[in-house]
Protein chains: 2
Amino acid sequence: MRARIHARILDGTYGPGDKLPRDEDIANEFGCARSTVQRAMRDLSDSGMIERRRKGGTHVRFDPVTRATFDIPITRKEVENKGCAYDYQLISRSTLQTPRCIAANFGLPAPVEMMRVKALHLSDRQPHIYEDRWICTGTVPEIATVDLQRISANEWLVRNKPYSRCDIRFYTQQAGRHEARLLGIEPGEALFVTERTTWIGAEAITTVKAFAAPGYQLISRI
Amino acid sequence: MRARIHARILDGTYGPGDKLPRDEDIANEFGCARSTVQRAMRDLSDSGMIERRRKGGTHVRFDPVTRATFDIPITRKEVENKGCAYDYQLISRSTLQTPRCIAANFGLPAPVEMMRVKALHLSDRQPHIYEDRWICTGTVPEIATVDLQRISANEWLVRNKPYSRCDIRFYTQQAGRHEARLLGIEPGEALFVTERTTWIGAEAITTVKAFAAPGYQLISRI
DNA sequence: AAGTGGTCTAGACCACCTC
DNA sequence: AGGTGGTCTAGACCACTTG
């Protein structure tokens, strides 16, 4: 039943920008319950095909988008899932005032005190990802007691600190001398950079810039 | 009600790997209908927090993942949404046998005839994305009659060819001479590469490699 | 103010998968 | 084969938002 409603929209009965009938009318037309229509519509809405607004009705999106979903695992798991041996090295940790640009990542007007953690993730003994992270000691005081030689901040945070909001951005950057040395590559090679910033409620948790060695791929199947 | 169930799992009552009670038991405990529980569980399942299997029950995922969704718009729209002027140039189109590696993208054992389309998308007159695309003329015969000088294959396909499956991968690559010349940059600069391959049912539609000029970012907010 | 989608109920039946 | 989650129904009430 739900499949029929899906098909009806996919098949071109309604085109980009068109308004669909109210759920109840569709339910009558198909001879099914309104909640069944609601369920189908929710799926289409999740997939980015339609947009719904109370009182405004349901419209086929005017500009179709491809909505892709990616699972970003803990770095250790990502390596192990490839069948590679995982290693991890803490490079440095220190507590200091953030530069203004890091505070800005969190939408904070002024610098605050945070812990800065630099670390290297290895895959089969080869440098894999270098991460440069700031952790808000105000929101996550426990971090002071965590043995970051043994467990990466990445893993500890994912396992222990739920977040309510997360900004992610991907882009590329040529390796500078610093990154090249740590990753064992030549300066100028193309790095895959992942920036992630998380909050719990309005409280900042962490922001991290992860530099992946060339060859890194992000994959999604829909 | 749904929020209470969400909270219950987030707050650590159940940890990674734990088995949750059956939906019906949870419903009794909370004094709500089973379908309400089912709905809450579905959300958690969609977000990657739990895994459900018929007869197997519901488990908190052992290895938490960050699940991010990205909207990938039509390139023209992506440029216009930034407030930039969009331009587009068809570089070449031809019909020929695919190399073996392109056929392999589709899981085809042998080369087939496809149309190859190279094109450049510009943002405020600056080269923005260079795409190198193969379109299956068997599945999409209409493409022969489309004026690809006026509308990009990207836009025409998204608007006219629904797909049932899509593989996407992102990675980086240093610009070669060819890409550098087209994008107006120096060889060696870091490109953001998007590879997309789509099917309708078992039929191949298109595969494309899009090279984005440095500065390109992919953004998601959760 | 009214019309639309969103949530919830109480119940039935189905489909899949593990045991 | 039985137990679990998945879909569906017919209905009620709620919440948002636009005209």
Side-chain angles (χ1 to χ4, degrees), chain A residues 1-11 13-65 67 69 71 164-165 222, chain B residues 1-11 13-65 67 69 71 164 221-222:
Chain A
M1 186 91 286
R2 190 165 101 227
R4 275 177 60 196
I5 303 179
H6 275 176
R8 178 65 157 273
I9 290 170
L10 281 169
D11 75 5
T13 303
Y14 300 103
D18 286 358
K19 177 166 187 166
L20 274 64
R22 316 156 41 212
D23 289 4
E24 198 173 341
D25 291 342
I26 294 188
N28 289 335
E29 187 188 337
F30 281 83
C32 68
R34 184 169 82 87
S35 32
T36 304
V37 176
Q38 154 81 21
R39 177 78 166 76
M41 291 299 189
R42 169 171 241 282
D43 284 355
L44 290 167
S45 179
D46 283 349
S47 79
M49 182 157 315
I50 62 174
E51 277 176 335
R52 321 192 79 204
R53 261 172 313 182
R54 287 165 148 127
K55 164 87 182 184
T58 302
H59 293 259
V60 178
R61 269 184 90 122
F62 195 77
D63 291 301
V65 294
R67 185 161 289 175
T69 307
D71 282 350
S164 55
R165 182 180 151 210
I222 302 177
Chain B
M1 187 93 282
R2 192 165 100 225
R4 275 176 61 195
I5 303 179
H6 275 176
R8 178 65 157 274
I9 290 170
L10 281 169
D11 75 4
T13 303
Y14 301 103
D18 287 358
K19 176 164 188 169
L20 274 64
R22 316 157 40 214
D23 290 5
E24 198 173 341
D25 291 343
I26 295 188
N28 289 334
E29 187 188 338
F30 281 82
C32 68
R34 183 169 84 87
S35 32
T36 305
V37 176
Q38 154 81 21
R39 176 78 165 77
M41 291 300 189
R42 168 171 240 282
D43 283 355
L44 290 167
S45 179
D46 283 347
S47 79
M49 182 157 316
I50 63 173
E51 276 177 336
R52 322 192 77 203
R53 260 172 311 183
R54 287 165 150 132
K55 167 85 182 182
T58 303
H59 294 258
V60 178
R61 270 183 88 121
F62 196 77
D63 291 302
V65 294
R67 185 160 289 175
T69 55
D71 283 350
S164 56
R221 168 179 294 184
I222 302 176

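A, B, ... follow the sequence lines: proteins, then strands. Residue 1 opens every chain. Every value quoted in this text rests on a predicted model; they were computed, and no experiment measured them.
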Rounded to whole Å, how long is the line connecting atom CZ of B:Arg54 with atom C1' of D:dT7? 9 Å
Between P of C:dG6 and CG of A:Asp46, the distance in whole Å: 10 Å
OP1 or OP2 of C:dG11 under 4.0 Å from side-chain N/O of B:Arg34: no
5'-most by nearest nucleotide on DNA chain C - B:Arg53 or B:Ser35: B:Ser35
May I have the distance from A:Glu51 (atom CD) to D:dT17 (atom P), rounded to whole angstrom? 14 Å
Euclidean distance, atom NE2 of residue B:His59 to atom P of D:dT4 [Å, nearest integer]: 11 Å
Taking the side chain as C-beta and beyond, is there a heavy-atom pair between A:Ile26 and A:Arg8 under 4.5 Å? no
Residue closer to the 5' end of DNA chain D, A:Lys55 versus A:Val37 (nearest nucleotide): A:Val37
Of the listed D:dG19, C:dG5, D:dC8, the closest approach to the A:Met1 side chain comes from D:dC8
Which heavy atom of B:Met41 sits nearest to which heavy atom of B:Ile50, and what is that distance? O-CD1, 3.5 Å
Take atom CZ of A:Arg53 as the centre, draw a 6.0 Å sphere, and report whether it contains more than 12 heavy atoms from other residues, nucleotides or ligands. no
Whole angstroms only, please: what is the CG-P distance between B:Asp23 and D:dT7? 12 Å
Would you say D:dG6 has OP1 or OP2 under 4.0 Å from some side-chain N or O of B:Gln38? yes
Looking only at heavy atoms, what is the nearest atom pair of B:Met1 and B:Phe30, with distance? CE-O, 4.1 Å
Winner on side-chain proximity to A:Ala33, out of D:dT18, D:dA10, C:dT9, is D:dA10
Donor-acceptor list for residues 54-62 of chain A side chains, cut-off 3.5 Å, not counting sequence neighbours:
unit_1  : atom_1 : unit_2  : atom_2 : d
A:Thr58 : OG1    : A:Arg52 : NE     : 3.2
A:Thr58 : OG1    : A:Arg52 : NH2    : 3.3

Using OP1 and OP2 only, check whether a side-chain N or O of B:Thr58 sits under 4.0 Å from D:dG5. yes
Which one, C:dC8, C:dT4, C:dC19, comes nearest to the side chain of B:Thr36? C:dC8
Between B:Ile26 (CD1) and D:dT4 (C1'), how many Å, whole number? 13 Å
Round to the nearest Å and state the distance from B:Arg39 atom CZ to C:dT9 atom C1'. 14 Å
According to a strict under-4.0 Å criterion, is A:Arg52 in side-chain N/O contact with OP1 or OP2 of C:dG6? yes
Tell me the interatomic distance from B:Met41, atom CE, to D:dT4, atom P, rounded to whole angstroms. 13 Å
